[in-house]
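Residue numbers start at 1 and run along the sequence shown.
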Amino acid sequence: MRFEKKPMVNWYDPKQLAFTGVKTVLSSVFGNFADRREMQAALDKEGKPFDYSEKDELWFDFVSDLADGFNPTYTVAKTMAQPSITVDGKELKRGDFLLMGGDEVYPTPEMIEYTNRLKGPFEAAFPKDDSPDADRPDVFAIPGNHDWYDGLTNFLRLFTQGRSLGNWKTRQTRSYFAIKLPHDYWLIAVDIQLHADIDYPQICYFRDIAQNHFTPETKVILCTAEPSWVFRSFDQKNTAHDRFKFFIDRVLYGKGEPAYEEKNRTITVNTILTGDLHHYARYEEKTKRGETRQLITSGGGGAFMHPTHTLKETIAPVDGYSAELKSVFPSKESSVRLSLLNLLFPYFSLTMLTLFGIVHAFTSWILQTKRFVSGETLMEQLAISGFFSDGIGNACHSILMALLHNPGAIFLNLLLVGGVVVFTDVKSGYGKWNYLAGVVHGLLHLVMFYVMLWGFSVLNLSHFDLGIHSLAQVSLFIVEMVLIGGTVSALIFGLYLTFSVIVLKNHITEASSSYRWEGYKNFLRIHLTKDVLTIYPIGFKKVVTDWKLSKSGDKVVVTGSPINYSLIEKPIEVHHEKTI
């Protein structure tokens, strides 16, 4: 398969932002009117669960938030494809199946993106083997929000039509599914769509499993595309928690229906796996049903790294009982250090730098179209205002007079400040109090624009003695405002992101997608025996970056750099305890 080796997505590319924004709006508006999950149920009337229960022991892998940059995606895929890996002297076999927990592609789900960012790297990491005795693991996937941006069109083509993903083969017929595992374990994988309620056919599908297939000894591993327990700790108004709690209580436990509830009284939901946040984090919850539940976020399959220092040490998750944070990757100290990279925002986001500069240059042009009574332009007025004594007062007066008769410039100023303030994240951290930082952020951009306009006017007209309308002056001013003005605004933007994510504990996505860190990736290798479910969290501090594509563009040339991985924490053992 020919594919293009793609870099990490530049989320601050204005063109990319606009395209993704349109996709997001369209999917949000039309998603509830054209819910493909209902069509899936209509076409797949049997809806049988998948069965691996005849095995005495089972290995499977869990990975989420992959298919962004080639380097991390291929590094993780190549490791999962090995017949076995060894950590701390213990051999861990390749999974009998691979479970993908959402966001199988970035930034949007066009087929070309699936090909370049997912199918191509996975095929190169684990080439398809059509020989009769080939060992071909299965692959299952639930969609995340990025897969939903086209209404699941391409997700369904890739994962529900019996195709191959490298040497992994797809089997599911819906975007949600149930897998019967050995020793009365069940894996329940839910499609939560974007921010909508779980559809009725999906509820019926899982209710049938819970009512007719669960036994009093059943243990459940639940897979979902977002960590609702974390989102609820960020924002008490987040409704994902309520929808998830409804699913567990009403669909799996049968709450509210006496016969159903009595039958499932002793089942346990002891492990919940998710991604969406691009790091590893494990909370341990003690529920009111007597369960010890592992809440594991493992979103390290290939996308940029999310911070971990914003996670709370104790939260009240699914059942309303407290859960304690047991482990994170990267460490909170490393997370803070990496967040400081936002101070280099101009380096990582040249497109935003250029955009800021162009906005400033255009605003300056609008301001120059109006003349004072004396016949001078604003720049000529500013040029004679020195930087000392009464210079500041004179400059402010000149700027105010220019704005009073220039609604176009006022509009652009308001657009700059308003756009920056609206950008403020008020769903986490200190909530709406974050607007104070947003207002300061917006005003800083505005003040620095006029300071630079003043400075460039003095420099060009007074120091260099250039004519206001000369080609040399106009050209120099545009270069100054785009390069220097854009850099200053980008520095302010990066400073705001740094302050926000470290002090206010908000903007976790905006402040981590900016520098697009390839390292700190992870996946889970899970082993089920008759006595215990053991979860091995595999972490990569650094990923290999010197892979090269063959001349034909379909294979990866190994350059000699080894893949280094290790256990993030000691293996997590989930013993088959019985609910009281």
Side-chain angles (χ1 to χ4, degrees), residues 1 3-10 60-88 92-95 98-107 113-128 137 139 141 165-168 275 277-280 297-306 308 329-330 334 338 512-513 515-526 536-550 553-568:
M1 171 184 290
F3 67 98
E4 183 180 348
K5 184 170 172 279
K6 303 290 285 187
M8 301 288 281
V9 175
N10 182 2
F60 69 94
D61 294 334
F62 176 85
V63 68
S64 184
D65 300 278
L66 51 158
D68 185 349
F70 174 82
N71 291 329
T73 299
Y74 184 79
T75 297
V76 174
K78 186 69 174 177
T79 305
M80 294 190 300
Q82 300 306 307
S84 66
I85 60 175
T86 302
V87 291
D88 292 351
L92 311 180
K93 297 181 180 179
R94 181 175 58 217
L98 170 61
L99 174 62
M100 294 183 172
D103 285 343
E104 279 75 51
V105 71
Y106 290 92
E113 298 290 6
Y114 274 116
T115 297
N116 287 330
R117 298 182 185 272
L118 179 68
K119 294 171 63 179
F122 269 67
E123 169 68 27
F126 197 16
K128 182 179 178 181
V139 59
L165 185 65
N167 203 43
W168 288 279
L277 293 178
H278 310 162
H279 55 226
Y280 172 85
T297 303
S298 179
F304 64 85
M305 185 211 74
H306 269 116
T308 56
F329 181 75
S334 297
L338 286 170
S512 48
S513 61
Y515 55 88
R516 309 184 291 279
W517 195 254
E518 291 187 336
Y520 288 106
K521 297 297 169 276
N522 64 82
F523 74 95
L524 307 178
R525 181 144 290 181
I526 301 173
Y536 299 89
I538 309 298
F540 307 78
K541 284 188 176 181
K542 295 182 179 180
V543 300
V544 179
T545 60
D546 55 353
W547 306 109
K548 295 181 180 179
L549 285 182
S550 62
D554 62 346
K555 295 181 180 179
V556 174
V557 178
V558 178
T559 57
S561 299
I563 299 177
N564 295 315
Y565 51 83
S566 60
L567 281 175
I568 295 173

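- Nearest approach of S561 to D546, heavy atoms of both residues: OG-OD2, 2.6 Å.
- A donor-acceptor pair is defined here as one N or O able to donate and one able to accept, closer than 3.5 Å; no such pair exists between the side chain of T308 and the backbone of F329.
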Item to complete: Please assess V76 against L66 for the test side-chain contact (heavy atoms from CB on, under 4.5 Å), listing each intermediate value before the final yes or no.
Response: CA-CA 9 Å; V76 174; L66 51 158; over 6 Å; no

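- G166 and K128 make their closest contact through O-CB, 3.5 Å (heavy atoms, listed as atom of the first residue, atom of the second, distance).
- For G302 against P72, the heavy-atom pair with the smallest separation is O-CG, 3.2 Å.
- Using a 4.5 Å cut-off on side-chain heavy atoms (C-beta onward), P7 and E518 make no contact.
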Discussion item. Is there a side-chain contact (heavy atoms from CB on, under 4.5 Å) between Q82 and I563? Walk through the geometry before answering.
Written reply: CA-CA 12 Å; Q82 300 306 307; I563 299 177; over 6 Å; no

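- Remark: side-chain polar atoms of D68 are paired, donor with acceptor, to backbone N or O of V9 under 3.5 angstrom.
- Taking the charged nitrogens against the carboxylate oxygens, K119 and E123 have no contact shorter than 4.0 Å, which rules out a salt bridge.
- Atom CD1 of I85 and atom OH of Y565 lie 5.0 Å apart (nearest 0.5 Å).
- Summarising the geometry of G299 relative to D65, their closest heavy-atom pair is CA-OD2, 3.4 Å, with the distance given to 0.1 Å.
- The shortest side-chain heavy-atom distance between S512 and H306 falls under the 4.5 Å cut-off.
- If you take OH on Y515 and CE on M305, they are separated by 3.5 Å, rounding to the nearest 0.5 Å.
- Between the R94 side chain and the D61 main chain, no donor and acceptor come within less than 3.5 Å of each other.
- Between L549 and F3, the closest side-chain pair of non-hydrogen atoms falls below 4.5 Å.
- A side-chain donor-acceptor contact under 3.5 Å links S298 and N522.
- Counting heavy atoms from C-beta outward, V544 and Y74 have side chains that stay 4.5 Å or more apart.
- A 4.5 Å side-chain heavy-atom check between V556 and K78 finds every atom pair outside the cut-off.
- Within the 4.5 Å cutoff, the side chain of K521 has no heavy atoms near those of the T75 side chain.
- Under the 3.5 Å distance criterion, the side-chain polar atoms of R117 are matched with a main-chain donor or acceptor of Y106.
- Atoms OG and CD1, from S566 and I538 in turn, are 8.0 Å apart once rounded to the nearest 0.5 Å.
- Residue W547 qualifies as enclosed at atom CH2: its count of foreign heavy atoms under 6.0 Å is above 12.
- Residue L98 holds its CG atom at 9.5 Å from CZ of F62, rounded to the nearest 0.5 Å.
- In the displayed structure, K542 atom NZ is contacted under 6.0 Å by at most 12 heavy atoms of other residues, nucleotides or ligands.
- The two residues A81 and A125 have their closest heavy-atom pair at CB-O, 3.7 Å.
- For the pair L567 and P537, the minimum side-chain heavy-atom distance is below 4.5 Å.
- The shortest side-chain heavy-atom distance between F523 and F540 falls under the 4.5 Å cut-off.
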Fill in: Check against side-chain contact (heavy atoms from CB on, under 4.5 Å), N564 and K541
CA-CA 8 Å; N564 295 315; K541 284 188 176 181; over 6 Å; no

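- Residues Y520 and H279 keep their aromatic ring centres 6.0 Å or farther apart.
- Taking each heavy atom of L92 and R525 in turn, the nearest pair found is O-NH1, 3.2 Å.
- Judged as a side-chain contact (heavy atoms from CB on, under 4.5 Å), and not counting sequence neighbours, the contacts of T73 are P121, F122.
- Here the side chain of N116 pairs a donor or acceptor atom with the backbone of E4 at under 3.5 angstrom.
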